[in-house]
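Report on the structure given below.
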Amino acid sequence: LCSLYSLVELPSDVFLDQYEVADAPNCGELLGIWGNTDLERAHWDHTQSSAALFKLPADTTNFALPLHFRYANPSESEEQLGSLSSPSVFYNCRNDIAPARDAEFIEPREYLGFESVFPVDTSVFYQFSPQSDEIPYRIPAINPVFESKVGLTTASVVVVQALILLGVMVFQGAKYLGKETKKKKE
């Protein structure tokens, strides 16, 4: 019996939300995700890439993944360029069975690197050739000229909101204490 799989390798500035993938249509079943899965980390805060393995329905001709970009370094060009490797799509079969579609036999110990997910002595792999080697992308980045202005504006809004919240709490507390004092006098 053969099953269809896809390995998606992501650079450090792209991430996959495993909880979103679980609910997304046309993704297949997420079998594992390795590497950096911290959704809140900015790109400049780490360099670790990640990879995810999916089991796809046998009749799959394409699949879509909801990918996200991390915050990019400030740049005068206001963008960061990068590229994704095309996903590896392959069959995992028992030794005595070949897949129904045209795929090239590969030696897993030389290429895949995650064979522990599959049965050790009974698995052979057949890979499809990718249509392209890389998929380019652009991530918007803040211009360094505006970086300090945005930081200052954000900090100002946070301080004003904190003061408003504090004022409301003090006003409500004084109002409550006034009612309690009135009750004690009666």
Side-chain angles (χ1 to χ4, degrees), residues 1-75 77-94 99 101 103-142 144 147 150-151 154:
L1 190 59
C2 294
S3 297
L4 188 60
Y5 295 88
S6 178
L7 173 68
V8 179
E9 297 177 273
L10 302 172
S12 62
D13 53 355
V14 179
F15 69 92
L16 185 67
D17 181 348
Q18 61 187 343
Y19 303 106
E20 182 180 13
V21 168
D23 296 331
N26 301 329
C27 283
E29 177 187 356
L30 177 64
L31 299 179
I33 187 165
W34 297 270
N36 187 359
T37 57
D38 183 351
L39 306 181
E40 299 299 323
R41 281 183 95 174
H43 168 63
W44 59 83
D45 196 28
H46 68 94
T47 57
Q48 185 181 17
S49 59
S50 59
L53 179 64
F54 295 88
K55 183 174 184 180
L56 305 174
D59 60 348
T60 298
T61 55
N62 61 41
F63 68 104
L65 294 176
L67 299 177
H68 302 277
F69 297 114
R70 298 186 186 281
Y71 293 112
N73 289 324
S75 169
S77 68
E78 297 185 0
E79 66 183 4
Q80 177 180 315
L81 304 176
S83 63
L84 294 170
S85 299
S86 291
S88 299
V89 179
F90 60 94
Y91 278 109
N92 170 252
C93 304
R94 288 193 340 229
R101 297 184 191 170
E104 177 185 340
F105 174 77
I106 58 171
E107 179 59 44
R109 305 236 179 267
E110 295 175 6
Y111 184 73
L112 297 176
F114 55 85
E115 302 79 34
S116 63
V117 174
F118 301 100
V120 177
D121 295 330
T122 59
S123 292
V124 292
F125 299 90
Y126 296 88
Q127 181 176 2
F128 291 94
S129 297
Q131 292 181 350
S132 65
D133 289 337
E134 293 188 340
I135 304 165
Y137 61 84
R138 295 174 182 213
I139 302 174
I142 190 168
E147 183 180 16
V150 169
T154 302

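In this structure, Y137 and L67 have side chains that are not in contact, with every pair of non-hydrogen atoms separated by 4.5 Å or more. Using a 4.5 Å heavy-atom threshold, the side chains of P57 and L4 count as separate. Here the side chains of I142 and Y71 are not in contact, with every heavy-atom distance at 4.5 Å or above.
In this structure a side-chain-to-backbone donor-acceptor pair under 3.5 Å is missing from R70 to F15.
Summarising the geometry of L16 relative to P66, their closest heavy-atom pair is CD1-O, 3.7 Å, with the distance given to 0.1 Å. Closest heavy-atom contact between C27 and F63: O-CD1, 4.3 Å. Looking at every heavy atom in both residues, A51 comes nearest to L7 through CB-CD1, 4.2 Å.
Expressed to the nearest 0.5 Å, how far CZ of F54 lies from CG of L65 amounts to 4.5 Å. Here F69 contributes atom CZ and L10 contributes atom CG; the two are 10.0 Å apart, rounded to the nearest 0.5 Å. One finds the CG atom of L31 at 5.0 Å from the CD atom of E29 (value rounded to the nearest 0.5 Å). With rounding to the nearest 0.5 angstrom, the CD1 atom of I139 is 14.5 Å from the CD atom of E78. The CG atom of L30 lies 11.0 Å from the OG atom of S6; values are rounded to the nearest 0.5 Å.
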* To do: Begin from the C-alpha positions of S3 and K55 and carry the test side chain to side chain contact (heavy atoms under 4.5 Å, CB included) through to its verdict.
  => CA-CA 7 Å; S3 297; K55 183 174 184 180; 3.7 Å; yes
